[in-house]
Amino acid sequence: MALFKISYFSNSLAKEMEMEVILPQKTENTPDWSQDLLSDLPVLYLLHGMGGNENNWLRRTRFERLIRNTALAVVIPNGDLSWYNNTTYGLKYFDALAIDLPKIVHEFFPQISQNPDKNFIAGASMGGYGAFKTALATKQFGYAASLSGALLGIENKELRTFRDAEYWHGVFGDQFENPKNNLLELAQRKIKNIDEIPKLFAWCGKEDFLFEDNENLVNDFKNIGINIDYRVNEGTHDWYYWDQQIETVLEWLPIDYIKEERLS
């Protein structure tokens with residue numbers, strides 16, 4: 001595979017931004033990859049959590065090794081501390097990352113598919129919220145996965161202790177009085193508009209401080225008729241578990257995921 005570290009200009013933010021892009025490369029380990037396959041690649045947008053950046057998934061997990069024999073493009077953008085929202089102080093991160101970025105990626109790499117059925121988005125913690133929000137607020141993504149997602153935003157009291165009130169107001173405004181920041185509201189809007197609902201996957205560890213939030217939103221989704229593949233087991237809010245569960249996401253996605261050879 002090839003790894004690109006890219007600095008690009010975001011018109012929505014009027015600033016330089018960074019992303020990492022992984023592209024599959026045909027080698028002796030993948031002799032059956034056809035030109036048709038490599039010219040219409042499925043793509044996974046992978047979002048980091050609060051306090052992270054575009055390097056986290058490659059530095060803290062086995063992700064790069066896991067996909068080395070799979071025909072999948074991966075885009076890992078820097079979402080800063082934005083929660084992938086348009087902030088109240090004028091920085092439009094949602095516009096930049098949810099709307100503009102797929103267009104920019106396709107301009108740079110036209111072999112990456114624009115078909116929603118081949119566009120996937122996933123993330124951990126803040127990135128789990130961002131993945132669900134982006135998939136529910138746009139028509140770009142057919143599949144979205146959340147690992148330990150902060151799915152109720154700042155309704156979680158423990159989460160609110162991580163930063164001061166000014167910060168939270170900056171990224172969320174008046175919280176869920178703004179339906180654009182409420183995942184349940186976004187899902188209900190899709191149903192009302194008869195829009196296709198993306199396939200959803202969520203995992204959370206039972207010992208995670210966000211576990212109850214995940215349980216509540218999953219139940220709310222099911223109550224309005226949204227099918228979600230929801231899985232739980234032992235785990236805390238930690239990269240150790242996200243490293244394990246990102247492989248579960250790869251297995252869940254509609255791709256020909258080739259697992260690495262293991263003796264046990």
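Along the sequence shown, the residues carry numbers beginning at 1.
P77 and V75 get closest at one heavy-atom pair: CD-O, 3.5 Å. N214 approaches G149 most closely through the heavy-atom pair ND2-O, 3.0 Å. In plain terms, the two heavy atoms of L81 and V171 that are nearest each other are O-CG1, 3.5 Å. Nearest heavy-atom pair, F132 versus A202, reported as atom, atom and distance to 0.1 Å: CZ-CB, 4.2 Å.
With T134 contributing its side chain and A98 its backbone, the two residues share no donor-acceptor pair below 3.5 Å.
Partners of P254 according to the side-chain contact (heavy atoms from CB on, under 4.5 Å) rule, which considers only residues two or more places apart in sequence or in another chain, are F120, Y143. Every residue was checked against the side-chain contact (heavy atoms from CB on, under 4.5 Å) condition with D32, not counting sequence neighbours, and none meets it. Qualifying side-chain contact (heavy atoms from CB on, under 4.5 Å) partners for E247, counting only residues two or more places apart in sequence or in other chains: R62, L66, E251, Y257, K259, R262. In terms of the side-chain contact (heavy atoms from CB on, under 4.5 Å) criterion, residue partners of A124 (sequence neighbours excluded) are, by chain and number, W57, L147, W242. For E107, there are no salt bridge (Lys or Arg N to Asp or Glu O under 4.0 Å) partners, not counting sequence neighbours. Partners of R68 by salt bridge (Lys or Arg N to Asp or Glu O under 4.0 Å), not counting sequence neighbours, listed by chain and number: E260. Applying the salt bridge (Lys or Arg N to Asp or Glu O under 4.0 Å) criterion to E20, with sequence neighbours excluded, gives K5. Residues passing the salt bridge (Lys or Arg N to Asp or Glu O under 4.0 Å) test with D238: none are found, sequence neighbours excluded.
Here the two rings, on F201 and F221, have centers that are 6.0 Å apart or farther. For an aromatic pair to be called close, the ring centres must be under 6.0 Å apart, and F4 with F109 satisfies this. Between Y129 and F172, the distance from one ring center to the other falls under 6.0 angstrom.
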Hey, can you pull the donor-acceptor pairs under 3.5 Å for the side chains in residues 36-51, sequence neighbours left out?
{"unit_1": "S39", "atom_1": "OG", "unit_2": "Q35", "atom_2": "O", "d": "3.0"}
{"unit_1": "S39", "atom_1": "OG", "unit_2": "D36", "atom_2": "O", "d": "3.1"}
{"unit_1": "D40", "atom_1": "OD1", "unit_2": "S113", "atom_2": "OG", "d": "3.2"}
{"unit_1": "D40", "atom_1": "OD2", "unit_2": "K118", "atom_2": "NZ", "d": "2.8"}
{"unit_1": "H48", "atom_1": "NE2", "unit_2": "G79", "atom_2": "N", "d": "2.8"}

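Every pair passing salt bridge (Lys or Arg N to Asp or Glu O under 4.0 Å) that includes a residue from residues 213-231 is listed here, sequence neighbours excluded: D229-R231. Within the structure, the side chain to side chain donor-acceptor pair (under 3.5 Å) test picks out the following pairs touching residues 191-209 (sequence neighbours left out): S148-D208, W203-N233, D208-H237. Residue pairs meeting the salt bridge (Lys or Arg N to Asp or Glu O under 4.0 Å) criterion with at least one partner in residues 74-99, sequence neighbours excluded, are absent.
S12 and D100 form a side-chain donor-acceptor contact under 3.5 Å, judged by distance and modelled atom types alone. Side chains of Q244 and Y240: a donor on one and an acceptor on the other come within 3.5 Å.
Hydrophobic clustering (side-chain heavy atoms under 4.5 Å, transitive across Ile, Leu, Val, Met, Phe, Trp, Tyr) keeps W252 apart from I228.
Both tests do not hold together for K15 against F9: distance to the six-membered ring centre under 6.0 Å, angle to the ring axis within 45°.
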